[in-house]
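Single-structure report; data block below.
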Amino acid sequence: MQTIQDAPALRAAIRGWRGNGQTVGFVPTMGNLHAGHQSLIRLARARAERVVASVFVNPTQFGPNEDFERYPRTLVQDQAALADEDCDLLFAPEVGTIYPFGAGHSVSLHVPQITEVLEGAHRLGHFDGVATVVCKLFNLVQPDLAIFGQKDFQQLKVIERMVRDLSLPVKVLAAPILRADDGLALSSRNQYLSAAERARAPLIHDTLLKMRELLGKGHAWRALEQVGGARLVRAGFAPDYVVIRRAEDLAEPADGQRAGLIALIAARLGTTRLIDNLLID
Ligand code: PAF
């Protein structure tokens, strides 16, 4: 696997593959790779002839009080993990390659509506940063397909919408959430949890399962949001939201709607913010 930092070398490698008629699958990441990321690489491997991953901790998607500085940077381990999955190329650019005029002076993309709720309401500007960097990475890598994890479900929807609205020639594929044996969704941020917090963290997934079960038994979705939130608060979490939404656009469901839904939770445990979701059909 080759690691490339600059745009001309990246373009040359990809031009070579394209010249041979090969398709390119792309997995954008912020590094600190875990088994969840590796499953995305495997999916790309199965769907495309060449696989590119990027590792770039994108400054524009972090708020001023978020964890940009302490976000784990583990390039050497990431290279090994990607090589293990038979990734062809790692693109690991410097900030100046992605933001030639500085991160604070970049063109910024805003995907309306879907970015204004849930994560977008709690992390102002977050999805502008995500859409901007993903669009820049798509322009650099020019993949046929790109893989995004369903754990960041709203991010996936934002990217799908951006791709459609900007007519980008990229097929967006969703990969299922990978979980630890106790149900906790894999995330680079799990390592911030203390041992006691790690033991409590699976309650988020458990609460999503409970909400799905009760919805199936005929409970109203609005009531379940209260039930789920109260359960987490009792266990010492500080939820940002515990909601049931339409999976297609994250809008509130109609009363009595039972299919095409998703339960989503974002909650703080100590200083760590965790998110998770569960599709309900
Ligand atoms: O999901 C992530 O890791 C990031 O938001 C992404 C898509 C790599 C953009 O920086």
Side-chain angles (χ1 to χ4, degrees), residues 5 10 25-41 43-44 51-63 66-75 77-78 81-82 85 87 89-99 103 106-111 114-115 118-120 122-141 143 145-163 166 168 170-178 185-192 264 266 272-277:
Q5 275 195 308
L10 173 74
F26 178 45
V27 180
T29 81
M30 296 207 299
N32 196 235
L33 305 181
H34 50 66
H37 295 108
Q38 286 176 289
S39 75
L40 308 188
I41 301 288
L43 186 54
V51 177
V52 177
S54 62
V55 168
F56 179 65
V57 184
N58 173 35
T60 64
Q61 69 188 76
F62 289 80
E66 293 186 355
D67 55 348
F68 175 67
E69 297 300 341
R70 74 163 173 156
Y71 199 86
R73 286 147 171 98
T74 53
L75 191 63
Q77 291 95 308
D78 294 344
L82 291 168
E85 295 302 336
C87 179
L89 191 157
L90 166 60
F91 180 48
E94 299 286 348
V95 172
T97 300
I98 299 295
Y99 296 108
S106 161
V107 168
S108 177
L109 279 176
H110 179 67
V111 178
I114 191 139
T115 57
L118 307 178
E119 285 303 285
H122 287 273
R123 303 183 66 190
L124 295 180
H126 168 67
F127 286 123
D128 293 357
V130 170
T132 302
V133 80
V134 170
C135 189
K136 283 168 174 275
L137 290 167
F138 282 180
N139 284 336
L140 287 159
V141 176
L145 58 93
I147 319 271
F148 292 85
Q150 275 184 358
K151 177 169 164 292
D152 295 297
F153 189 81
Q154 191 173 5
Q155 169 173 281
L156 171 68
K157 292 285 140 189
V158 169
I159 302 299
E160 284 175 353
R161 190 162 161 171
M162 174 190 79
V163 161
L166 296 181
L168 300 179
V170 182
K171 191 176 165 68
V172 174
L173 299 180
I177 300 175
L178 236 67
L186 298 192
S187 163
S188 300
R189 291 188 168 105
N190 292 350
Q191 64 196 275
Y192 300 154
L264 305 110
T272 308
R273 189 170 183 277
L274 299 170
I275 61 170
D276 199 355
N277 66 74

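Whatever order the structure lists ligands and atoms in, that order sets their numbers, starting from 1. Start at 1 with the first residue, then count along the sequence.
Applying the side-chain contact (heavy atoms from CB on, under 4.5 Å) test to Leu178 and every residue at least two apart in sequence or in another chain returns Ala35, Ser39, Leu186.
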Pairs of donor and acceptor atoms involving the side chains of residues 147-154, under 3.5 Å and at least two apart or interchain, shall be tabulated with distances.
from   : atom 1 : to     : atom 2 : distance (Å)
Gln154 : OE1    : Glu119 : N      : 3.0
Gln154 : NE2    : Ile114 : O      : 2.7
Gln154 : NE2    : Val117 : O      : 2.9

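Residue-ligand proximity, Gln61 to ligand 1, at heavy-atom distances under 4.0 Å covers atoms 4 (C), 5 (O), 9 (C), 10 (O). Annotation for ligand 1: atoms under 4.0 Å from non-hydrogen atoms of Gln155 are 1 (O), 2 (C), 4 (C), 5 (O), 7 (C). Every atom of ligand 1 is numbered from 1 in the order shown, and the set under 4.0 Å from a heavy atom of Val133 is 9 (C), 10 (O).
Contact annotation for Thr29 and ligand 1: only backbone heavy atoms (N, CA, C, O) come within less than 4.0 Å of the ligand.
With Ser54 contributing its side chain and Ala92 its backbone, the two residues share no donor-acceptor pair below 3.5 Å. Although no hydrogens or angles enter the test, the distance criterion places no donor-acceptor pair under 3.5 Å between the side chain of Ser106 and the main chain of Ser108. Judged purely by atom type and a 3.5 angstrom limit, Asp67 has no side-chain atom pairing as donor or acceptor with the backbone of Phe62.
Not a single N or O atom of Asn58, backbone or side chain, sits closer than 3.5 Å to an N or O atom of ligand 1.
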